[in-house]
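Here is the structure we will look at, set down as structure tokens.
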There are 2 protein chains.
Amino acid sequence: MRKDALRNRQRVLEAADAMFREHGVEVSVGEIADAAGVGRGTLFRNFKNKDALIAAVLGERLGEVLDYGRQLLVEDPDDAEVTFTFVTGLVERQEENRALLQTVTDELFMSVPELQGAHAALLELLGALLARGKRVGAIRPEATATDLMMLVKGLCMYSSTDQQPLAAETIMRHLDLVRAAMTMPEYSRPLRGAPVPLPV
Amino acid sequence: MRKDALRNRQRVLEAADAMFREHGVEVSVGEIADAAGVGRGTLFRNFKNKDALIAAVLGERLGEVLDYGRQLLVEDPDDAEVTFTFVTGLVERQEENRALLQTVTDELFMSVPELQGAHAALLELLGALLARGKRVGAIRPEATATDLMMLVKGLCMYSSTDQQPLAAETIMRHLDLVRAAMTMPEYSRPLRGAPVPLPV
DNA sequence: CACTAAGCGGACCATAGGGTCCGGTTGTGT
DNA sequence: ACACAACCGGACCCTATGGTCCGCTTAGTG
């Protein structure tokens, strides 16, 4: 591959990542190409179609998330909090990257193998994190990775769909709700921060 | 208004309602007009634009939901379960009407005054339901209507975004998670049903 | 330096969706 | 029965988007 070609590919990846972060995967390829300073032709020569570009960018981002979670599992084998440490990190990343969890559980993208794999891996990781919490009696024994996934996805979708992004304070509060749903009562905690103000 | 005009308006409303139920508000006005057996011109003569049609249909559906909730408030002034009775009903309706909660908290539709009002009314209703639960010590005192809204919206979005609609069993399970998040520990209950199977 | 294949990018295409328009039709009061 | 306003509906327009194509440019090698 020629040097300039590689450089352009890189530029597209970076531009796509930036645009996805800010606007979600709905941004048009045209805008991405413009941001990258290349023509549409160049973009599509490097990525078969938009889905392939999404898979390339988000696959990597999700990979980082998975690494983070696996790292947590290794670091402290008896941390009852590990699930919520991870989920908090996940939500924080989602907060500065609208696209991060868009591809997970979305009919459109479940057909892209690379993302399907990331989804499965994420569920597996959540399962492992929960298992740790269950061992020390922090997590309800019947709770599953899918249960947690639903709550987290819901939280993320809710906050990124809203007009203006929710305050970090509100997100922390919502995380406390997730915690209350998943933990044994004595591991619950009071809700932090203020509720979202009524719009208008 | 001429008789045939009125009849056509009605047909459009019914067709739109049916299409929204099944496909969500994303269906094209063309499909709605076809289903109603009228031309696009007729549709747009009766409703200024697509948003107006959505507001007309969903406004009515949301009104029914509000009536249901207010009815519950009147019927038994000491029912600790009233919040979850309502939310279960809400989720059941959403299950057979993809569009029901789409308009709530969606940037696109928060600008339509009629739906904005319905949103505010829904939050107010949830607040009243929760207040009842708090009085008898069933609901966490710091929990707010917005907290519940987030959980319910998340649950609904999660289930209607998925490839195939989730099993009713799974939705009941998720409702138990919502309950766990909102209630005092002794009002929680074990999760019903089986978790969602891993896709592929 | 010159040649050539790899690479470039923007003009172009097809599709889809919301919304408008107008020539023809039809309900309805007289 | 007639006239005419109200009404109809589909052809049409405009915009946006994903994706293709091809004449021009340029990296890089002999």
Side-chain angles (χ1 to χ4, degrees), chain A residues 1-20 22-58 98-99 102-103 106-112 114-115, chain B residues 1-20 22-58 98-99 102-103 106-112 114-115:
Chain A
M1 186 184 253
R2 247 163 64 172
K3 199 171 52 180
D4 55 340
L6 194 69
R7 191 197 58 206
N8 275 333
R9 183 191 168 86
Q10 215 51 39
R11 279 190 188 167
V12 170
L13 277 171
E14 281 160 25
D17 188 44
M19 297 299 268
F20 288 158
E22 190 169 357
H23 307 289
V25 295
E26 294 85 3
V27 279
S28 67
V29 288
E31 284 176 282
I32 294 170
D34 290 352
V38 304
R40 287 156 179 57
T42 301
L43 189 153
F44 282 111
R45 205 171 318 105
N46 280 287
F47 303 94
K48 188 167 113 277
N49 52 33
K50 192 183 178 182
D51 282 2
L53 177 57
I54 291 172
V57 173
L58 271 296
R98 270 181 109 91
Q102 265 188 311
T103 53
D106 242 45
E107 39 189 320
L108 181 59
F109 304 106
M110 285 304 286
S111 50
V112 181
E114 189 169 355
L115 295 176
Chain B
M1 184 183 254
R2 249 163 64 172
K3 199 170 54 179
D4 55 340
L6 194 69
R7 192 198 56 205
N8 275 336
R9 183 191 168 84
Q10 216 50 41
R11 278 189 190 168
V12 169
L13 277 172
E14 282 161 24
D17 188 44
M19 296 300 268
F20 289 158
E22 191 169 357
H23 307 289
V25 296
E26 294 86 2
V27 279
S28 67
V29 288
E31 284 176 281
I32 294 172
D34 290 352
V38 305
R40 288 159 179 54
T42 301
L43 190 153
F44 281 111
R45 206 170 318 105
N46 281 286
F47 303 93
K48 189 169 112 277
N49 51 33
K50 191 183 178 182
D51 282 3
L53 177 57
I54 291 173
V57 173
L58 271 295
R98 272 180 108 91
Q102 265 189 311
T103 53
D106 242 45
E107 41 189 320
L108 182 57
F109 303 107
M110 286 304 286
S111 49
V112 181
E114 190 168 356
L115 295 176

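Below, chain A is the first sequence line, B the second, and so on; all start at residue 1. Source: prediction; values computed, not measured.
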Which nucleotide in [options] has an atom nearest any side-chain atom of [X]:
X       : options               : answer
A:Asn49 : C:dG18, C:dG9, D:dG19 : D:dG19
B:Arg40 : C:dG7, C:dG27, C:dG19 : C:dG19
A:Arg45 : C:dG9, D:dG19, D:dC8  : C:dG9

I need the [atom1]-[atom2] distance between [X] and [N], as an integer number of Å.
X       : N      : atom1 : atom2 : result
A:Arg7  : C:dG9  : CZ    : C1'   : 13 Å
B:Asp34 : C:dG17 : CG    : P     : 11 Å
A:Asp4  : D:dC24 : CG    : C1'   : 14 Å
B:Glu26 : C:dG18 : CD    : C1'   : 15 Å
B:Arg9  : D:dA6  : CZ    : P     : 17 Å
B:Leu43 : D:dC7  : CG    : P     : 15 Å
A:Phe44 : C:dC13 : CZ    : P     : 17 Å
A:Met19 : D:dG18 : CE    : P     : 11 Å

- Which residue lies toward the 5' end of DNA chain C, A:Leu6 or B:Lys50, if each is placed at its nearest nucleotide? A:Leu6
Hey, does the side chain of [X] come within less than 4.0 Å of [N]'s phosphate (OP1/OP2), counting only N and O?
X       : N      : answer
B:Asn8  : D:dC8  : yes
A:Arg2  : D:dG28 : no
B:Lys3  : C:dG27 : no
A:Ser28 : D:dA16 : no

Looking at [atom1] of [X] and [atom2] of [Y], how far apart are the two atoms once the value is rounded to the nearest 0.5 Å?
X       : Y        : atom1 : atom2 : answer
B:Asp51 : B:Leu115 : CG    : CG    : 8.5 Å
A:Lys50 : A:Leu43  : NZ    : CG    : 10.5 Å
B:Ile54 : B:Ile32  : CD1   : CD1   : 7.5 Å

- Note on the structure: Of A:Thr42 and A:Val25, the one whose nearest nucleotide on DNA chain D sits closer to the 5' end is A:Val25
- Query: Is B:Arg98 close to B:Val27 at the side-chain level, that is, under 4.5 Å between some pair of heavy atoms?
  - Reply: no
- Please list all pairs passing the side chain to side chain donor-acceptor pair (under 3.5 Å) test where one or both residues lie in residues 26-39 of chain B, with sequence neighbours left out. B:Glu26-B:Gln102, B:Ser28-B:Glu31
